[in-house]
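Each remark here refers to the structure printed beneath this line.
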Amino acid sequence: MAQIIETSSQSFASVDVDLVTVDIIENALRNARYEMDAVLFRTAMSPGIREQHDEFPLIADHKGRMVVGQFGSFIGGFLDNYQGTVEEGDIFLTSDPYSCDGAISHANDWLVLMPIYLEGRIVGWAAMFGHMTDVGGKVPGSLPTDAESIFEEGVVIPPTKIYRRGVLNHEMLELILNQVRMKQWNRSDLNAIVAACRTAGRRVVELCGRFGTDVYISTLEQLLERNYRAMEQLILQTVSEERISFTDYLDDDGLGNGPYRIHCTMWREGNKVHLDFEGTDPQSEGPINFFLNVNMFKMFFGIYMIMVFDPQILWNDGFYPLVEVHIPERSLLRPAYPAALSCRTHGLGRIFDILGGLLGQRQPEFLCAAGFSSSPHLMYSGTDQAGEWFQLYQIGFGGIPGRPFGDGPDGHSLWPSFTNVPNEFLEAYFPLVIERYETVADSGGPGFFRGGNGIDIAYRFLEPGTISIHDDRWLTYPWGVNGGLPGARSTKYVIRTNGDTEVLPSKCDHVKVEVGDSLHYVTWGGGGWGDPLDRAAELVALEVKRGLVTHEGAKRYGVVLDDHGAVVEPATESLRDEIRQQRGDLAVFDYGAPLDELKRRSMEETGLMAPRDPVFGAR
């Protein structure tokens, strides 16, 4: 456990704070959190951080509890596992998931933590992690799809004082940067993260100076307590004492095995909710393991609850005592060191589908379908004609699920703060041309509220190189709910200059591309919500006109259109009656087909061999 050094032993006094002051401090902290983002985006170099915003900041109280942020607090896991001192001017860096209890989940995420001191006492913490384009290892991008241990995934940094009492540890930084392929990007991105944390530190000190340290600390306690009370009521109203379970799958592990089962059971005891992942498959030999930090999962649970049931609540760590989480050791979600973690993004995203399947069962009107529950990656690298190394890391977007309150957005990210890399940026800085960037009509699951469509990005390569792909949902479907139908699956294929088409696995490395080859990166759609036969026929016709649904796809809504795109009302009424008579009762969950059937049909439907059933044994 870390030893915190403070030169002042004076304790903080608990004082009454008026609501106006609470509101001012809360909004000032929220603004400081966004200022951290702004500092980072203006000074980082890698497109993953600068353009796509693959970073997560937080500001915590003096105990390390997140007050504003997104991913929950990273501080607790660090303090519990770090075996050294914390002093004024120290700034810590780590990229080792196993040393911080999964607060970060793979070696590409560089986490910076900074204690905020004032007059000899810690008054708060600032922290941020960002995804580095490359951290060394066996493949460009450092995310090998066939890794069997974390040692294959690049440099793994234990908790380290990158600044000691305000002084940069130059030798340590150079040692780390010597392991990576894009030193300039990593150096710039790290400096930007440090600058963002320092910005937050200044803002916290300013608030303490403006209102008084005791008022500031007492305000944070009040904010945390307010969140506790609000979440307590939500839990009592929405979570039953009856045990409810849900299961979803990761399609494969990159080594040809799958699908892998993630299972969770939820129930309430008193005012506490229990979430138990017993029944989840053991850890994989491949890199799809996701070291699920308990506090991170509590934050995911809280965010989902708030966004579905009461979006006006502002979340922080205050409700954590209300949530009990059990994750079996040596499972897919708590693997044993040194299990590989480089493809963990699919397990991370699938947690949100699991939460949706759990929280809506008691109240189906609040169910969300399965959506684009991942952040699939594309890496493209090589040496251009000028002898310069180029390396692209990009996150793909897809279909957000149909929801109780509307259609799922088309071509969107799982994470609300992520943005796409502009095509103009890609073409200016990398040897490629974007020939197509469009939604895939009919890929969103039909429903009263339609699932969002996936997208098809076509990259034409201008230099020979290699590509790597990380993706999932190529075998199983993003399921629909309350009568809504599943969304379409993902696919990736290369069209060679000779006209041959090569279907690529969802997880692959070392795929050689030549000048003129085109990669079609097709992402999956979101499941539909509610009976598609109840969707307004005129709205379906409008979406056909907009290219979001095809004429043939409109028939899945029971809508018949003429050659001009107008609704043929008698034929529509007749088709809808026919579908109602043939389909039977509406399913609460529509998975498309059982797993065994999906595997039997795999080659025919996807062009890929079905994965082998995983074999689990002692590692």
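Salt-bridge check for Arg344 with Glu153: failed, with every basic side-chain N at 4.0 Å or more from each acidic carboxylate O. Ion pairing of Asp442 with Arg450 is absent here, as no side-chain N (NZ or NE/NH1/NH2) approaches a carboxylate O to less than 4.0 Å. Using a cutoff of 4.0 Å between basic side-chain nitrogens and carboxylate oxygens, Asp534 and Arg580 are scored as salt-bridged. Remark: Arg583 engages Asp531 in a salt bridge, criterion side-chain N to carboxylate O under 4.0 Å. Under the 4.0 Å criterion applied to side-chain N and carboxylate O atoms, Asp472 and Lys507 are assigned as salt-bridge partners. At a threshold of 4.0 Å, the pair Asp410-Arg546 does not count as salt-bridged, since none of the basic side-chain nitrogens sits closer than that to a carboxylate oxygen. Checked for salt-bridge contact, Lys599 and Asp613 meet the test: a charged N lies under 4.0 Å from a carboxylate O.
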### Query
Which is it for Val421 and Leu392 under the side-chain contact (heavy atoms from CB on, under 4.5 Å) test, yes or no, and what are the steps along the way?
CA-CA 11 Å; Val421 180; Leu392 170 66; 5.9 Å; no

### Task
Take Leu519 and Ile467 through the test side-chain contact (heavy atoms from CB on, under 4.5 Å) and record every step on the way to the result.
CA-CA 9 Å; Leu519 168 69; Ile467 61 174; 4.1 Å; yes

### Message
Applying side-chain contact (heavy atoms from CB on, under 4.5 Å) to Lys272 and Ile235, what does each step give before you reach the verdict?
### Response
CA-CA 7 Å; Lys272 289 189 177 182; Ile235 289 170; over 6 Å; no

### Query
For Arg436 and His520, what are the C-alpha separation, side-chain angles and deciding distance, and is it a side-chain contact (heavy atoms from CB on, under 4.5 Å)?
CA-CA 9 Å; Arg436 177 183 298 178; His520 282 256; 3.7 Å; yes

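The OH atom of Tyr304 lies 12.5 Å from the CD1 atom of Ile351; values are rounded to the nearest 0.5 Å. One distance of note links NE2 of His131 with OH of Tyr393; it measures 3.5 Å at 0.5 Å rounding. Between the CD1 atom of Ile244 and the CG atom of Leu358 there is a distance of 7.5 Å, given to the nearest 0.5 Å. Here CZ of Arg362 is found 7.0 Å from CZ of Arg268. Values are rounded to the nearest 0.5 Å. Atom OG of Ser506 and atom CG of Asp252 lie 4.0 Å apart (nearest 0.5 Å). Remark: Asp471 CG to Thr145 OG1 distance equals 12.0 Å, nearest 0.5 Å.
The shortest distance between side-chain heavy atoms of Asp353 and Phe246 does not fall below 4.5 Å. At a threshold of 4.5 Å between non-hydrogen side-chain atoms, the residues Pro404 and Glu365 do not count as touching. Using a 4.5 Å heavy-atom cutoff, the side chains of Pro614 and Asp253 are not in contact. Side-chain contact between Asp590 and Tyr477 is absent, with no heavy-atom pair separated by less than 4.5 Å. Counting only heavy atoms from C-beta outward, the side chains of Leu378 and Ile457 never approach each other to under 4.5 Å. Here the side chains of Met379 and Pro140 are not in contact, with every heavy-atom distance at 4.5 Å or above. Residues Ile455 and Tyr437 form a side-chain contact, since some pair of their non-hydrogen atoms from C-beta on lies under 4.5 Å apart. Between Val481 and Pro364, every side-chain heavy-atom pair lies at or beyond the 4.5 Å cut-off.
Heavy-atom contacts from other residues, nucleotides or ligands closer than 6.0 Å to CD of Glu573 number 12 or fewer. Counting non-hydrogen atoms of neighbouring residues, nucleotides and ligands closer than 6.0 angstrom, the NZ atom of Lys138 exceeds 12 such neighbours. Counting heavy-atom neighbours within 6.0 Å of Gln363 CD, excluding the residue itself, gives a total above 12. Heavy atoms from other residues, nucleotides or ligands lying under 6.0 Å from CE of Met603 number more than 12. The environment of CD in Glu605 is crowded: more than 12 heavy-atom neighbours from other residues, nucleotides or ligands sit within 6.0 Å.
Of the possible polar contacts, one joining the Thr419 side chain to the Glu51 backbone as a donor-acceptor pair under 3.5 Å is found. Judged by distance alone, with hydrogens and angles left aside, the side-chain atoms of Asn453 form a donor-acceptor pair with the main-chain N or O of Gly444 at under 3.5 Å. A distance-only check finds a donor-acceptor pair linking the side chain of Tyr521 to the backbone of His377 [under 3.5 Å]. Judged by distance alone, with hydrogens and angles left aside, the side-chain atoms of Asp248 form no donor-acceptor pair with the main-chain N or O of Pro478 at under 3.5 Å. A distance-only check finds no donor-acceptor pair linking the side chain of Gln581 to the backbone of Glu578 [under 3.5 Å]. At least one donor-acceptor pair under 3.5 Å links the side chain of Thr572 to the backbone N or O of Val568. With Asp517 contributing its side chain and Thr497 its backbone, the two residues share a donor-acceptor pair below 3.5 Å. In this structure, the side chain of Ser331 does not engage the main chain of Thr280 through any donor-acceptor pair within 3.5 Å. No donor-acceptor distance shorter than 3.5 angstrom exists from the side chain of Arg489 to the backbone of Trp524, with no hydrogens or angles considered. Judged by distance alone, with hydrogens and angles left aside, the side-chain atoms of Glu55 form no donor-acceptor pair with the main-chain N or O of Phe129 at under 3.5 Å.
In the model, Arg460 has no side-chain atom that pairs as donor or acceptor with a side-chain atom of Ser518 under 3.5 Å. A donor-acceptor pair shorter than 3.5 Å cannot be found between the side chains of Asn293 and Asn295. Judged purely by distance below 3.5 Å, without hydrogens or angles, the side chains of Thr466 and His510 never pair a donor atom with an acceptor atom. Between the side chains of Tyr557 and Glu543, no donor N or O sits under 3.5 Å from an acceptor N or O.
Scanning all heavy atoms of the two residues, the minimum distance from Ala147 to Ser342 falls at CB-OG, 4.2 Å. When all heavy atoms of Ser284 and Asn289 are compared, the closest pair comes out as N-OD1, 2.7 Å. When all heavy atoms are compared, the tightest approach of Ser245 to Thr265 is OG-OG1, 2.7 Å. Contact record, Arg576 with Val559: NH2-CG2, 3.4 Å, taken as the closest heavy-atom pair. The minimum heavy-atom distance linking Pro287 with Asp146 is given by the pair CG-N, 4.4 Å. The two residues Asn420 and Gln52 come nearest to each other via the heavy atoms CA-NE2, 3.8 Å.
Taking the six-membered ring where the residue is Trp, Tyr380 and Phe461 present tilted rings, their angle falling between 30° and 60°. Using cut-offs of 30° and 60° on the angle between ring planes, the pair Phe277 and Phe297 is perpendicular. Between His274 and Trp267, the ring planes lie parallel to each other; the angle is under 30°, not in the 30° to 60° tilted range.
The cationic group of Arg403 does not satisfy the cation-pi geometry with Trp529, failing either the under 6.0 Å distance to the six-membered ring centre or the 45° limit from the ring axis.
Between Phe352 and Phe300, the distance from one ring center to the other falls under 6.0 angstrom.
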